[in-house]
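In what follows, every heavy atom counts, from backbone to side chain, and hydrogens, waters and symmetry copies are set aside. Read the numbers this way: they start at 1 and go in the same order the structure lists the ligands and their atoms. Since we're looking at a predicted model, the values are computed, not measured.
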Amino acid sequence: MKMYSSSASSLRWTGFFLIFTTFCCLFTPVVMVKHENFKTCDQSGFCKRNRAYADTATQLSPGWTSPYNLDPNSITFKDGQLSGTILKSVGTAGETVRLPLTVTFLESGTARVTVDEEKRQKGDIVLRHDSKAKKERYNEASKWAIVGGLKVSTGAALSRETEAGSTRVHYGSSGQHEAVIQHSPFTIEFKRDGETQVKFNDRGFMNIEHWRPKIDKPVPENNEGEERAPEKVKEETDEDESTWWDESFGGNTDSKPRGPEAVALDISFPGYEHVYGIPEHASGMSLKETRGGDGNYNEPYRLYNADVFEYELDSPMTLYGAIPLMQAHRKGSTVGVFWLNAAETWIDVIKSKASTNPLSLGVKSAVDTQTHWISESGLLDVFVLLGPTPKDITQKYGELTGFTAMPQQFAIAYHQCRWNYVTDEDVMDVDRKFDKHKIPYDVIWLDIEYTDGKKYFSWDPLSFPNPKKMHNQLDKRDRKLVAIIDPHIKNTDKYPVVEELKSKSLAVKNKEGNDYEGWCWPGSSYWIDCFNPASIAWWKTLFKYDAFKGTGPNTFIWNDMNEPSVFNGPETTMPKDNLHYGNWEHRDVHNINGMTFHNATYEALLERKKGEIRRPFVLTRSFYAGSQRLGAMWTGDNLAEWSHLAASIPMILNQGISGFPFAGADVGGFFGNPSKELLTRWYQAGTFYPFFRGHAHIDTRRREPYVPGAPYTDIITQALRLRYQLLPAWYTAFHEASIAGSPIIRPNFYVHPDDEKGFAIDDQLYIGSTGLLAKPVVTEGADSVSVYLADDQPYYDYFDYTLYSGAGHHTVKAPLDKIPLLMQGGHIIPRRDRPRRSSGLMKWDPFTLIVVLDSAGNAEGTLYVDDGETFEYQQGAYIHRRFQFDKATKALTSINIGESGAKTAAWHKTMAKVRVEKVIIVGALDEWSGKTEVVVSEEGAKESARRKKVGFTYHPAQSGRAAWAVVRDPKVGIGKGWKVDFS
Ligand SMILES: *[C@@H]1O[C@H](CO)[C@@H](O)[C@H](O)[C@H]1NC(C)=O
């Protein structure tokens with residue numbers, strides 16, 4: 001959800017859809033984001049000031065000198081940490097501002113640079129307007145975002161070769177990293193193996209807006225005043241002060257009690273042409289330049305979580321979530337920076353011809369990417385990750401901010417949502433229709449209308465009189481219900497939730513320190529402040545089964561509107577001078593706000609009933625670095641248009657490489673009615689979203705998969721079955737994300753980091769480490785797609801084994817009923833082939849293994865299986881196997897790669913009867929033609945079954961299709977060690 005429908009706009013929408021229905025396909029509706037509701041850089045004082053600062057530095061260059069100097073006498077180095085004081089020169093009288101610096105070298109090879117401001121740190125400042133806000137720069141972002149990886153390096157050491165004017169530190173696992181800190185002006189170069197990868201303040205844009213008292217300019221009244229004024233005012237008026245003390249936008253005034261306090265820094269990546277990351281934006285994966293020019297943006301990428309309704313594509317505008325992680329990539333190297341700041345942030349990107357460095361031509365790109373990061377408040381706190389591979393970046397970033405929570409299995413199956421299923425009967429009817437049409441689904445969703453007058457934790461007594469019965473029907477097929485719970489709490493009488501929120505003082509406060517009241521779905525509302533530990537404790541009580549009556553173990557939660565969306569607030573969110581727990585201003589914590597609410601709900605679902613421990617599932621719209629620990633996200637309110645279908649792929653890929661891969665987009669498009677063709681193609685694409693949910697706006701027509709009829713319903717059903725068939729592969733990819741931070745769907749550059757032609761490709765994807773390569777159709781009327789192959793391995797069509805080989809583009813047929821999906825040679829893909837009504841019903845089903853041979857005749861793959869529900873996998877209750885086909889020995893083997901724990905044996909016993917029922921070998925060897933049996937052996941099998949023969953069928957290659965073979969029912973246990981001998 002949602003659109004902000006004032007009555008005028010919903011009238012407009014109703015009218016619009018009437019017309020739309022009448023003319024249906026005659027014209028394409030033009031819906032546009034309301035640009036005037038959101039700031040441009042020019043309208044955001046600190047962004048404008050810092051861009052102007054950068055322009056001045058650039059214009060004066062090389063005559064420009066950054067006024068930041070590290071005092072050499074202040075430098076100390078101890079236990080992997082360098083400390084010192086940066087002196088910022090202000091004015092002409094030699095006056096300086098003291099900025100404490102720490103550079104921490106971590107065991108992981110990551111460096112962290114933190115700059116604070118002494119006066120604010122000590123609280124030695126005066127707030128205006130009698131503000132109760134904290135005086136310090138916000139220093140708790142790490143408390144929310146960081147969960148590990150901070151172990152300090154024991155090997156980091158000052159370099160013995162000293163040079164006047166700089167300090168060098170060697171660090172990294174074998175001392176291969178080096179930080180060269182120049183004192184005057186202050187800059188840092190981060191090197192790996194002697195080559196510079198990342199530079200700080202190279203262009204001199206570093207800017208820490210220090211505290212100063214507001215000086216009301218004297219109004220010159222007489223000669224004396226005129227003489228004195230210029231000198232005093234001169235120093236201040238060098239800069240544009242107009243947005244220092246208060247700022248208005250869209251009828252709201254920000255009182256800014258601490259004055260200007262932005263932090264900014266230029267970060268350059270020499271020799272890197274591509275930078276990725278910093279979601280969430282509706283833009284391509286390889287980031288564009290932002291300072292104008294052909295095909296470039298004119299605005300910086302913005303991170304300021306907001307309910308941007310009817311968002312625009314190919315735009316650097318902010319959206320609902322923010323992950324300030326950027327990675328730069330070139331052949332042979334990937335590096336990253338993580339800008340740990342929760343305030344409004346803008347990032348400029350420009351690319352320029354590489355500065356000529358004859359020593360370092362080689363694999364480097366001829367282009368440098370230069371970025372400029374600008375945040376409104378808080379510390380300057382940046383992590384530098386030196387790779388050298390894309391995998392290293394996602395792994396090390398994950399060690400810092402946490403890995404994806406291992407979801408329950410149902411959560412990665414198909415979800416059916418709309419705004420709204422209007423009654424409990426409606427829900428049960430939709431459920432029956434899925435069954436009637438034999439369409440699999442796991443979860444049905446309820447949007448805001450299920451509540452009694454938008455009071456969360458209640459049911460509308462007329463439309464949902466019997467939630468228990470509804471849950472029970474769903475449970476018969478192991479299905480779940482997800483209900484929405486938002487952070488705005490209705491301000492109304494006789495609503496215990498709001499009464500407790502107020503009496504316990506757990507709401508976000510306004511600048512005066514009273515409960516902040518604003519407007520959202522329920523009308524007048526308060527917002528729970530989940531920065532407060534007491535709020536989390538209270539929130540937990542609301543989800544207990546006996547508190548949220550009508551819910552049960554198969555109820556899960558959707559957190560929407562948690563940017564937060566405030567209909568009458570500036571930029572549809574909270575005033576920046578609102579106060580949170582600890583008296584931090586909203587300005588400081590804005591981008592983390594959504595994550596704290598998501599966190600509270602996650603924690604609440606852990607404790608709904610004593611002794612019951614199921615993995616929570618909570619979907620969020622707003623997110624920050626670390627949200628991956630808590631659940632899934634989706635890309636918000638998209639449109640039922642082909643362009644939005646296309647845009648979903650790069651957006652979800654970008655989430656994956658930015659540490660939050662459990663991502664999806666509303667299948668079908670939220671606003672508007674998709675054509676049947678668009679709906680069908682969207683389901684086919686959605687099959688490849690890690691989070692796979694159909695959703696629709698309240699003003700749209702019903703569009704459940706059984707609605708469009710022949711042939712569409714059948715085609716959509718096939719797409720859904722494909723998802724269910726491949727759930728073992730998806731689940732294994734999620735497991736990998738949960739232990740290594742790897743993306744679940746992966747872009748070309750991540751899988752083939754040295755393939756320069758593929759660096760900007762963001763319209764095709766690999767599923768985990770399976771070698772499955774999909775290129776969803778995202779255009780109308782297509783009957784083929786062009787798939788890019790990065791290497792010379794054989795690639796086989798998933799459905800008919802048509803062979804494609806040779807690096808470059810290949811045309812793959814894609815009529816409406818065909819999903820372009822290839823298998824890269826060299827992999828073994830686990831699946832479950834029996835169609836079922838939900839994933840829960842597949843629990844004891846046998847497995848099929850697809851062995852896809854590479855050009856050398858080898859293949860390998862992994863499988864992870866646990867109970868799909870509980871946390872017992874943490875005690876070893878899982879199966880983790882590596883399957884390997886080896887050309888030399890002509891054998892397929894299954895090897896344990898799991899570790900044993902207290903619950904391993906019991907889980908293996910439970911799974912003892914679950915077997916492999918089929919092995920398909922694609923690219924089968926010629927020598928197998930005529931072969932009719934293979935020999936199977938299994939560990940621990942009875943003597944008589946130790947070497948048993950099972951049937952084998954060989955199908956020769958024909959008309960472009962590869963040879964393939966089938967091992968019929970080897971009956972080996974999925975959790976067992978075994979061998980199939982083809983010799
Ligand atoms: C949620 O937040 C609390 C308080 O900061 C923290 O202790 C807890 O670990 C968080 N939960 C998760 C799953 O990150």
Next item on the list: Would you please indicate yes or no on a ring centroid separation below 6.0 angstrom for Tyr878 and Tyr864?
Entry: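 Judged by ring-centre distance (under 6.0 Å), Tyr864 and Tyr878 do meet the cut-off.
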
Notebook entry, point to check: What atoms of ligand 1 come within less than 4.0 Å of a heavy atom belonging to Tyr602?
Noted result: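 Answer, ordered by atom number: 13 (C).
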
Note to self: Checking a contact table here: which protein heavy atom is nearest atom 14 (O) of ligand 1, and how many Å away?
What the structure shows: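 Going atom by atom, the protein heavy atom closest to atom 14 (O) of ligand 1 ends up being Arg629 NE, 3.2 Å.
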
Check: Identify the closest protein heavy atom to atom 9 (O) of ligand 1: which residue and atom is it, and at what distance?
Finding: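 The protein heavy atom lying closest is Glu603 OE2, 4.2 Å.
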
Margin query: Heavy atom to atom 3 (C) of ligand 1, shortest distance: which of Asn599, Leu630, Leu606 holds it?
Written below: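 It is Asn599 whose heavy atom sits nearest to atom 3 (C) of ligand 1.
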
Next item on the list: Report yes or no: do Gln416 and Trp445 form a side-chain donor-acceptor pair below 3.5 Å?
Entry: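 Short answer, no.
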
Checklist line | Heavy atoms of other groups near Lys143 NZ, more than 12 under 6.0 Å | finding: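 Yes, because the 6.0 Å sphere around NZ of Lys143 holds more than 12 heavy atoms from other groups.
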
Next item on the list: For a salt bridge (Lys or Arg N to Asp or Glu O under 4.0 Å) with Glu117, tell me which candidate from Lys135, Arg258, Lys122, Arg137 qualifies.
Entry: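 Only one option passes, and that is Arg137.
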
Margin query: Under 4.0 Å from atom 7 (O) of ligand 1, can you find at least one protein heavy atom?
Written below: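 Protein heavy atom within 4.0 Å of atom 7 (O) of ligand 1: absent.
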
Item checked: Cation-pi geometry met for Lys454 and Trp521 (6.0 Å, 45°) ->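 Geometry flag: not set, cation outside 6.0 Å or 45°.
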
Check: Hey, does Trp144 come in under 3.5 Å of ligand 1, counting only N/O atoms on both sides?
Finding: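 No, since none of the N or O atoms of Trp144 sits under 3.5 Å from an N or O of ligand 1.
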
